[in-house]
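Structure first, then comments.
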Amino acid sequence: MLVVGGAGYIGSHTCLTLANRGYKPVVFDNLSNGHSEFVRWGPLEKGDIRDRERLDAVIATYKPDAILHFAAMIEVGESVKDPALFYDNNVIGTLTLLAAVLSAGIDAFVFSSTCATYGLPKQSPMDETHEQRPINPYGRTKWIVEQVLQDYDSYKGLRSVILRYFNAAGADLAGHIGEWHSPETHAIPLAIDAALGRRTGFTLFGNDYETRDGTCVRDYVHVLDLADAHVRAVDYLLSGGKSTQLNLGTGTGTTVRELVSAISTVSGKPFPIEHAERRYGDSTSLVANSELALSILGWQPKYNLHDIIRSAWQWHSSRNHG
Ligand SMILES: NC(=O)c1ccc[n+]([C@@H]2O[C@H](COP(=O)([O-])OP(=O)(O)OC[C@H]3O[C@@H](n4cnc5c(N)ncnc54)[C@H](O)[C@@H]3O)[C@@H](O)[C@H]2O)c1
């Protein structure tokens with residue numbers, strides 16, 4: 001399996017799960033936001049998805065049966081500041097990767113997409129028929145690639161599974177790998193850092209949303225459950241499954257205030273919370289209906305919020321990555 005972006009958070013957990021299920025993951029990553037320490041279950045081939053020659057060489061060496069594509073710039077705020085960087089990396093990079101994949105005759109492709117392709121929710125939970133109107137450049141880059149994949153299925157015979165994750169969270173239970181983004185913008189690592197005294201506190205954006213406690217609702221799904229869905233998607237494509245798009249979430253909404261209070265409880269370390277204005281572009285509620293993933297891949301999340309926080313706490317508190 002060629003795991004593109006496999007030195008990052010979700011890609012590395014997927015390599016762990018692929019290896020546990022008997023696959024050999026080869027990581028292709030430019031390490032712009034990945035970590036060579038996370039590549040433990042197969043070789044690391046350093047390279048950029050915009051470098052066609054390097055892609056061709058790596059694909060010719062390993063002859064992968066399928067591609068799992070995680071590589072992207074992911075920070076929404078950065079995408080608003082510099083959309084060109086995101087279009088270049090996420091769209092042009094993916095087109096270059098797809099050209100290499102097609103010319104090598106590979107026809108099985110798993111793509112990391114996101115609930116950010118839906119934009120503002122018209123109903124909750126959201127299923128895959130929800131309209132897609134992304135509200136920031138990051139979400140739009142992912143949505144563009146989704147449409148490219150649909151055309152490549154129709155006209156080039158490339159079968160793909162598009163996985164739309166909700167909020168990825170948690171860490172490997174053995175504590176070898178975990179969530180490590182720079183800059184970190186995800187709520188769980190930020191709150192844990194506050195509990196560990198590595199930040200002065202946690203900033204909660206907006207407390208006047210129409211939710212049970214006024215804060216936004218999100219659907220946190222364990223990264224190992226996401227990894228499991230990827231391996232199922234590979235099995236599905238290799239046994240002839242046709243292209244599909246699937247939500248991956250738990251169907252359970254958690255408010256930011258509930259999340260923060262669960263982190264204080266698990267860590268045993270309360271921390272200061274600062275209230276700030278709503279952030280532009282934050283949806284009130286993003287919760288997945290993942291019934292299609294159950295019916296097509298037999299996928300169901302195994303871990304709950306408590307498991308997510310415990311594993312994240314174990315990872316963050318046992319290391320100091322600055
Ligand atoms: N983290 C989440 O909650 C979440 C939610 C929805 C979707 N996603 C998607 O999942 C994927 C993985 O996210 P993550 O949280 O693991 O991010 P991450 O930043 O930890 O991993 C991305 C990896 O891709 C690599 N990369 C980026 N650009 C590259 C390029 N041009 N060439 C080669 N490698 C490159 C980075 O070095 C990094 O290792 C992304 O595509 C993201 O859009 C993430």
Side-chain angles (χ1 to χ4, degrees), residues 2-16 25-39 44-52 54-55 58 67-76 78-79 85-97 100 109-118 134 136-146 149 162-172 177-190 218-227 229-230 233 245-250 286 288 308 312 321:
L2 188 66
V3 186
V4 181
Y9 172 45
I10 306 170
S12 59
H13 286 82
T14 300
C15 288
L16 161 68
V26 174
V27 169
F28 184 93
D29 199 299
N30 67 0
L31 300 182
S32 57
N33 204 15
H35 312 283
S36 51
E37 308 88 304
F38 279 11
V39 184
L44 168 63
E45 291 289 346
K46 218 176 152 206
D48 192 291
I49 52 171
R50 291 159 293 190
D51 181 347
R52 174 71 194 272
R54 181 78 184 118
L55 284 165
V58 170
I67 311 287
L68 296 97
H69 176 33
F70 297 90
M73 297 183 75
I74 66 164
E75 216 274 286
V76 171
E78 290 295 315
S79 82
L85 267 182
F86 279 67
Y87 284 101
D88 186 44
N89 200 56
N90 297 3
V91 179
I92 296 181
T94 302
L95 289 175
T96 311
L97 170 64
F109 194 87
V110 183
F111 177 60
S112 299
S113 192
T114 162
C115 61
T117 61
Y118 292 123
N136 52 57
Y138 163 69
R140 251 188 301 277
T141 62
K142 292 283 170 176
W143 182 56
I144 290 170
V145 171
E146 287 200 9
L149 287 173
I162 292 169
L163 297 174
R164 295 185 192 132
Y165 322 149
F166 281 61
N167 283 60
D172 158 37
I177 52 177
E179 189 164 9
W180 181 4
H181 294 117
S182 317
E184 189 52 79
T185 56
H186 294 87
I188 293 178
L190 291 176
R218 293 291 179 267
D219 182 341
Y220 296 95
V221 52
H222 201 293
V223 66
L224 290 176
D225 282 324
L226 294 180
H230 285 78
Q245 300 110 45
L246 306 170
N247 283 344
L248 297 179
T250 62
L286 289 170
I308 286 174
H321 47 252

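Both ligands and their constituent atoms are indexed starting at 1 by order of listing.
- The side-chain heavy atoms of W180 and E37, taken from C-beta on, include a pair separated by under 4.5 Å.
- When the side-chain contact (heavy atoms from CB on, under 4.5 Å) test is applied to N136, the partners found at least two apart in sequence or on another chain are V76, S79, V80, Y138.
- Side-chain contact between I67 and V110 is absent, with no heavy-atom pair separated by less than 4.5 Å.
- Under the rule for a side-chain contact (heavy atoms from CB on, under 4.5 Å), the partners of T14 that lie at least two apart in sequence or sit in another chain are I10, L18, L68, F70, A227, H230.
- Near ligand 1, residues G5, A7, G8, Y9, I10, D29, N30, L31, S32, N33, G34, G47, D48, I49, R50, F70, A71, A72, I74, N89, S112, S113, T114, Y138, K142, Y165, F166, A168, H181, H186 come within 4.0 angstrom through at least one heavy atom.
- R54 and D48 are not joined by a salt bridge, as no carboxylate oxygen comes within less than 4.0 angstrom of a charged side-chain nitrogen.
- In this structure P134 satisfies the side-chain contact (heavy atoms from CB on, under 4.5 Å) test together with R140, W143, sequence neighbours excluded.
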